[in-house]
Every structure is written in structure tokens, then in C-alpha cells.
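Each remark here refers to the structure printed beneath this line.
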Amino acid sequence: MKNSSESSRRGFLKTLGVTTVTVAAGSGVFATESEGKSVEFTIHKRQFSGPNDNVNIALIGAGGMGTQDTIVALQVPGVKLVAVCDLYQGRLDNAKKRWGQDIFTTRIYKEILNRADVDAVIVGTPDHWHQQISIDAMRAGKHVYCEKPMVHDIKEGPAVIKAQKETGKIFQVGSQGVSSLGNGKAKELLKDGAIGQLNFAEGFWARNSPTGAWQYPIPTDASPESVDWETFVSNTTKRPFDATRFFRWRNYRDYGTGMAGDLFVHLFSSLHFITNSYGPEKIYASGGLRYWKDGREVPDVMLGIFDYPEQAQSHPAFNLSLRCNFNDGTSGSTFLKLVGSEGSMDIGWDSVTLKRNKPVVSDDPFFIEQMKKAGTPVDGRKRILPPEEFTFTAEKGYKGGPYDHMENFFSAIRNNGKVAEDAVFGYRAAAPALLCNDSYNNDTAMLWNPEKMQPVKKK
């Protein structure tokens, strides 16, 4: 890995040198130089080709995320919504109000799959239905965009991968940051040696509101008549109707995958895309229910520690730490940092900030005295220099990672191409997130073979 890293580093420095000359010459096309050593660059939008064919889609699971995915999908030229499925009648009524009275609506998802006019489906259901609906859809000849995490249980991944391979249908998992300009730029910078040799990464996802903490509103008309509760629980523990469990499903292990499945999985997806990694081999999680003591079965603070093994031609061994906090009084955002031997990158979906180490001199008296004792001359009073900083920001008018992710999906359908996050990628992102939950619930480290995508038994 060292030789490869050194070669990449020289390539990055050469490229950066050319760009800096452009800046010094006064050109604003590629970058602008602000006060000090901070330099700002523009990441240019991808140019997508126009639609070759119209694509008719259907939404299965019209809650908050499914609806938002559909809104984004309909921004892609040549995409039309023809049907919506949900187990709550109120969402079906709202779908007609939002998208037109001619939209076909149903509570039975297989009625969607039986329609000849549906080319692709968006699966925005609670997590415990992802696997079955995705497989049924692909075997019915539909392309699938499935919200993350791809599966609800670690055992479910291989069946989805098998269905994608056997049917040849396009399958995209919805961790939208993977297709973003920020992730793409970070991948390029890491490959070019911008931070030297990777050794550590960290990320967090913080929220500080009831809705952010999954306290979703419960409709006043919620009842066994307006909700198909029997179907909702048909593949898990049977219980009497419970509106709180239905509308706040993320709080319960039968239906959701907790903080790790909802939010860590985004960070895993971005990290794996940027580094070309298969994932960690050791997973340990800790946390607790600190604030939202509302009957939920999952923690509202979670910390994860992960060991990534060396992966030939991709990355050296490194460590990752992740955290989530649903009562964070200081922030309400997400963050991913990669740290290397010569710098670090703070990565967002539409920007990257690169900080690089510089030779450091000091005016510290102890430092000066030690240099004198060593016989090293100290020339005048020097100050500690800040690291070099370069900021890459998406150009104005950029539609964002979610749009690019959808465009990637529909482009693959039209051109029989590849997506950024297929079933194998999606499983490798979901698996460590799900193993976080197992580690937390069992209070033990979990072992995983990321290449073979299999649990490892402890000796």
C-alpha cells in the first residue's frame, strides 16, 4: 500500500500545483483564493443525457421517505407515476390529491406488481418488508429502488442478491449520498493521495427534534378500519392493533433497524463508496436510551467502533468510529471525516474540505530551548502555521445527491447500465449496521467476513 500511496500523493501534488498556478494567475474558473491559505474550488455538475424512453413507476410505501423519493424521481425527465400502494388509507387519499385522481391506489402491493404499465417500483415501506417486496418485484419483472437499509435482518441479504442476479433487473438501494458530487470528489481526492495513507475515519448523525427522533405524528383517524394492520404484522410478531407502532415503527425492533439501520448505514455507504471498501471485520456498539423514554425498544444514543482490514488495491487497514444522538443540543447534522498520514477530509453530499499538514515551526520557549541544546539554530521568532485548507463546493444549481441517485437509477434502466448501489453494495453497507444492533443487544463484539459477506463464529 505504501508504494501506491506515495505514487498517488505525487500525482495529487502535481495536480494541485497546476491548479494553484491557475489560481495565482487570477482565473476564477477552477478556484478562488481567500485570505490565508484557504483555497476554494467548484465541483461541476454531471451532465446527464436526456431520456431515451419513458419510465412508469409505482410507489409502495407512501410514508415520508417514500413520498420524498417519488417527488425527486418525478423531477427526472421522462418519469411518470402511475400507481401507489400503502396500508393506511389516508396516504392513498393524499397521493391522489398530490399526483392526480387518475393514480391507481391499493393496499395490496401485489396488485402493483401485476400491472403491465409499471416498469419500476420505489419501495419505501418499513424495513421489515424491504426484502420480500424487493424480491417479489424483481421476479415480477420490475426494476427496484429500495430505501436503505436494504434488509431488516442480516440473514435476508443473500436472497435479494440472488434475485437481482437471476432476474437481471436494475436494483438500487437508497443511500442517496453515494451518488453525490461530494462523495465523488472525496473518492477522487483519496485515490490521488490527497491525505496520504488512510488510517482512521469518523462520522456522526445528530438530531434535536421530536420528528427527528422518530416521534412521527399519528393521524386522528388511525384505526383498524383505516389501517391494514394484519398485513403490516403478517411477517413478524402478531399483536393487536397499535397506532403508535404503525406510525412510529422505527422505534420497534420488529419493524425498524434503529439508529444504525436508519443513519449509520448512510455513513457506511458513503465510506465504502469513497474507499472501495467491502466493510469492517469487527463491530462493537454501545449506547442507551437517554432521553426519549416513550416506550421505544431502541437506543437514542449509539456509538460504534469498527475494524477495517487491509484490502488489496483499495485501502490499508483503518479504524472507524460512528455516533448518533437524538437529543444533541449542539447540532442537527451529519458529518464524515477521513484521516490520513498527511491530511484529512470533511465530506458532505455537496462539498469536501481538505486539510493538509505543513512543516511546523514554533515560538514555544521549551521548543526553542531544546533546539538550542541540540545545536540547531533558531532563526528569529516563528509562529505555528495552520494546515493548508482547500474547499470543494458544488456549483450553483446543483440538484443534490438524491436527484443524482435517482438519475443513476433511471439511466441504468434505459441503457441497461450499472447503478452506484446495487444489491451487493447495499448488503455490504447494511450488514455492519445490523451487526451494530446485534452487538448492542448482546453486549458483545460481532465478527464479519466483508468479502464473503458472512458472519464469523468466535473461536
Side-chain angles (χ1 to χ4, degrees), residues 61 63-66 124-131 146-157 173-175 203-218 229 232-233 235-239 242-269 280 283-306 320-329 331-334 426 429-446 448 455:
M65 200 63 238
T125 66
D127 301 343
H128 70 305
W129 275 104
H130 284 184
Q131 182 214 36
C146 178
E147 259 305 319
K148 53 75 203 162
M150 186 180 86
V151 290
H152 180 252
D153 186 274
I154 194 76
K155 302 180 184 69
E156 296 176 346
V173 179
S175 284
F204 74 85
W205 207 298
R207 289 176 174 174
N208 191 12
S209 72
T211 302
W214 307 332
Q215 287 276 28
Y216 303 136
I218 299 174
W229 174 258
F232 182 72
V233 298
N235 65 351
T236 186
T237 307
K238 309 300 185 291
R239 304 174 186 272
D242 187 330
T244 301
R245 280 179 169 267
F246 183 84
F247 288 100
R248 296 178 179 173
W249 57 270
R250 289 194 186 278
N251 292 323
Y252 303 97
R253 291 167 61 181
D254 279 350
Y255 329 113
T257 49
M259 298 178 118
D262 184 30
L263 300 173
F264 278 8
V265 71
H266 276 306
L267 300 169
F268 283 123
S269 297
I283 296 101
Y284 179 75
S286 181
L289 190 56
R290 311 303 183 196
Y291 183 84
W292 294 101
K293 299 178 181 180
D294 51 6
R296 67 181 62 198
E297 300 171 348
V298 293
D300 57 9
V301 173
M302 179 173 269
L303 309 173
I305 301 293
F306 311 89
L320 168 69
S321 70
L322 298 178
R323 58 187 170 92
C324 270
N325 185 350
F326 275 0
N327 190 41
D328 190 323
S331 63
S333 59
T334 180
L434 299 175
L435 290 170
C436 272
N437 293 331
D438 291 343
S439 174
Y440 173 81
N441 293 324
N442 297 307
D443 193 22
T444 187
M446 308 301 295
W448 174 252

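For this chain, numbers begin at 1 and follow the sequence in order. The analysis underlying the following values was restricted to heavy atoms, covering all of them including side chains, and did not include hydrogens, waters or symmetry mates.
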Side-chain donor/acceptor of N437 to backbone N/O of T257, under 3.5 Å: yes

If I compare all heavy atoms of P299 with all of G288, which pair ends up nearest, and what's the gap? CB-O, 3.3 Å

Mind listing the closest non-hydrogen atom pair of Y440 and L289 along with its distance? OH-N, 4.5 Å

Mind checking whether R253 and N441 have side chains closer than 4.5 Å, heavy atoms only? yes

Supply the atom-to-atom distance L435 CG to I154 CD1, rounded to the nearest 0.5 angstrom. 4.0 Å

What do the steps show when you test T334 against L267 for side chain to side chain contact (heavy atoms under 4.5 Å, CB included), and what is the final call? CA-CA 9 Å; T334 180; L267 300 169; 3.8 Å; yes

For a 4.5 angstrom cut-off between non-hydrogen side-chain atoms, does S321 reach L303? no

Do NZ/NE/NH1/NH2 and the carboxylate oxygens of R239 and D254 come within less than 4.0 Å? yes

Using only atom types and a distance under 3.5 Å, with no angle test, would you say the side chain of D153 pairs donor to acceptor with the backbone of K155? yes

Heavy-atom neighbours of K238 NZ exceed 12 at 6.0 Å: yes

dist E156:CD -> H128:NE2 (nearest 0.5 Å) comes out at 10.5 Å

Residue pairs meeting salt bridge (Lys or Arg N to Asp or Glu O under 4.0 Å), one or both in residues 257-268, sequence neighbours left out, come to K148-D262, R207-D262, R250-D262

Donor-acceptor pair, side chain of D328 and main chain of A206, under 3.5 angstrom: no

For a quick test of reading the model, state the closest non-hydrogen atom pair linking S333 to F204 and the distance between them. O-CE1, 3.4 Å

Which heavy atom of N208 sits nearest a heavy atom of G329, and at what distance? ND2-CA, 3.6 Å

Using a 4.5 Å cut-off on heavy atoms from C-beta on, say whether the side chain of D127 contacts that of W249. yes

Spacing of D438 atom CG and D443 atom CG [to the nearest 0.5 Å]: 12.5 Å

Listed by chain and number, what are the ring-ring contact (aromatic ring centres under 6.0 Å, His included) partners of Y284, not counting sequence neighbours? none

Pick one: which of R248, R245, H152 meets side chain to side chain contact (heavy atoms under 4.5 Å, CB included) with Y255? R245

Just verifying a value: how many Å separate S439 OG and M302 CE, rounded to the nearest 0.5 Å? 8.0 Å

Any side-chain heavy-atom pair of F246 and P126 under 4.5 Å: no

Identify the heavy atoms of A429 and V265 that sit nearest to each other, and give their distance. O-CG2, 3.7 Å

Taken to the nearest 0.5 Å, the spacing of F264 CZ from L434 CG works out to 12.5 Å

Quick one: closest heavy-atom pair of G258 and V298, and the distance? CA-CG1, 4.2 Å

Inter-residue atom distance F326.CZ - Y291.OH, 0.5 Å rounding: 14.0 Å

Side chain to side chain, D300 and W214, heavy atoms closer than 4.5 Å: no

For the backbone of C146 and the side chain of H130, can you confirm whether one donor and one acceptor N or O come within less than 3.5 Å of each other? no

Is any side-chain heavy atom of Q215 closer than 4.5 Å to a side-chain heavy atom of R296? yes

Tell me, do S175 and F268 make a side-chain contact under 4.5 Å, heavy atoms counted? no

